[in-house]
Undergrad: 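Okay, handing you the structure first.
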Amino acid sequence: MTQNHCKLSVNINKIATLRNSRGGNVPDLLKVAADVQKFGAQGITIHPRPDERHIRYQDARDLKSIVYTEYNIEGNPEKDFVDLVLDVKPTQVTLVPDAVDALTSNAGWDTVAHQDFLKEVIQEFHRNGIRTSIFVDPVLAMIEGAKATGTDRIELYTEAFAHEYGLGNRNGILPYTASAVLANELGLGINAGHDLSLDNIQFFNQNIPNLKEVSIGHALISESLYLGLENVVNMYLQKLK
Ligand SMILES: CC(=O)[C@@H](O)[C@H](O)COP(=O)(O)O
Ligand SMILES: NCC(=O)COP(=O)(O)O
C-alpha cells in the first residue's frame, strides 16, 4: 500500500503521572517535551482530565511556549476543557467522549447521536483557528457521521486493533483499513491512537492509507524504561517511514 509520511506525536501524560506521584517537579514535564522534540518527534499530545490526575491545566498553558512542533490537546469538550483549549490555542484539539471517572479512554464518539453538539463545538474551535479531530471507533457509519460534523480529521481508536494484533490476529486491521478508505474518500484527515506500540505500529501504518499522525504514550514511555527515550522515539520514526 502506498504510504505518505505519518507524524509521531508523543503523549506525555505518563510523565505527568510519575511527577505527580511525588508532588515535586521530577521528572520535569517541560524538559521532557523539549527533549522529545529534539529527539525527532513531530508533535506533543496531552490529555488533561477533569481530576488533573496527570496533566494539569497549568501544564497545558506552560507547554504552549515549549511545543514548536504540532501541539495536540485531547479531551472531552466540557466547558472547562473548551475554555482551556481556546486559551492555549494548540495546533489541534482531539475530542474524546470520556466519562469523568474513566481509567482511560474506552470508546469513540457516536457521531450520529451527538452530531449537533459536535458541530457546534467544532465551529467554535474553527473560529479560533484550531484544527479539530474526533475520536471514533472504526465503524463506517461513525466515519460518515464525523464528516457531517465538519471536523478536519478523525482519530481512529486503536485499542481493538492492538488487542487483536497482540493475540496474533492480523484481521483486526480490516475495519480500520475500510474506515480509512472511506475517510479518504470523504476528505477527512486520519490520525490514530491508543495502545499503539513498537510491536504493532509498522503493521498499522502500512495498512492505513494516508495516515497523518499517531499519538502514542503508554507503550512509548514504558518501552523507554528499557531502551531510553531518545532510542525509542527514533525506533518509532524508523517504523513510520
Ligand atoms: C484518546 C486516547 O486514546 C488517549 O488520549 C489515551 O486515552 C490517553 O489517556 P490516559 O493517559 O489518560 O490513559
Ligand atoms: N490519542 C492516543 C494517545 O494520545 C495515547 O494513547 P496511549 O498510547 O497512551 O494508549
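Along the sequence shown, the residues carry numbers beginning at 1. For clarity, every value in this text was computed on a predicted model and none was experimentally measured. When a ligand or atom number is given, it counts from 1 through the structure's own listing order.
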Undergrad: Mark yes when over 12 heavy atoms from residues, nucleotides or ligands other than Arg127 sit less than 6.0 Å from its CZ; otherwise mark no.
TA: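 Yes, because the 6.0 Å sphere around CZ of Arg127 holds more than 12 heavy atoms from other groups.
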
Undergrad: Tell me the contacting part of His218 for ligand 1: side chain, backbone, both, or neither, using a 4.0 Å heavy-atom threshold, strictly below.
TA: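 It is neither part, as no heavy atom is under 4.0 Å.
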
Undergrad: Who are the residue neighbours of ligand 2 when the rule is a heavy atom under 4.0 Å from any of its atoms?
TA: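 Only Asn11, Thr45, Glu74, Glu155, Gly193, His194, Asp195, Ser215, Ile216, Gly217, His218 have heavy atoms that fall under 4.0 Å of ligand 2, ordered by chain and number.
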
Undergrad: Do you see a donor-acceptor pair shorter than 3.5 Å between the side chains of Asn72 and Thr94?
TA: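 The criterion, which ignores hydrogens and geometry beyond distance, is satisfied for Thr94 and Asn72.
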
Undergrad: Could you tell me whether Tyr157 approaches ligand 1 through its side chain, its backbone, both or neither, with non-hydrogen atoms closer than 4.0 Å?
TA: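 It is neither; nothing of Tyr157 touches ligand 1.
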
Undergrad: Between Arg49, Lys14, Arg53, flag the one that comes closest to atom 9 (O) of ligand 1 by a heavy atom.
TA: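 Of the listed residues, Arg49 has the closest heavy atom.
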
Undergrad: Below 4.0 angstrom from a heavy atom of Glu74, which ligand 1 atoms are there? Numbered from 1 as shown, please.
TA: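 Heavy-atom distances to Glu74 below 4.0 Å select 1 (C), 2 (C), 4 (C), 5 (O).
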
Undergrad: Examine the side chains of Arg56 and Asn20 and answer whether a donor and an acceptor come within less than 3.5 Å of each other.
TA: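 Side chains of Arg56 and Asn20: pair found under 3.5 Å.
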
Undergrad: Does a donor on one side chain sit under 3.5 Å from an acceptor on the other, for Asn169 and Glu164?
TA: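 A pair is found: one side chain offers a donor N or O, the other an acceptor, under 3.5 Å apart.
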
Undergrad: Quick one: do the Gln92 and Glu213 side chains pair a donor with an acceptor below 3.5 Å?
TA: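 Yes, side-chain donor-acceptor contact under 3.5 Å.
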
Undergrad: When you measure from the heavy atoms of Glu159 to every atom of ligand 1, does any distance fall below 4.0 Å?
TA: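 The answer is no: ligand 1 sits nowhere under 4.0 Å from a heavy atom of Glu159.
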
Undergrad: Just by distance, no angles: are the side chains of His126 and Asp152 close enough, under 3.5 Å, to form a donor-acceptor pair?
TA: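 There is such a pair (donor and acceptor under 3.5 Å, judged by atom type) between the side chains of His126 and Asp152.
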
Undergrad: For Lys31, does the NZ atom sit with more than 12 other heavy atoms under 6.0 Å from it, leaving out its own atoms?
TA: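 Atom NZ in Lys31 is not crowded, with 12 or fewer foreign heavy atoms closer than 6.0 Å.
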
Undergrad: Answer yes or no on whether Arg170 is positioned over the face of Tyr165, meaning its NZ or CZ is under 6.0 Å from the six-membered ring centre and within 45° of the axis.
TA: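 Ring-cation test returns yes.
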
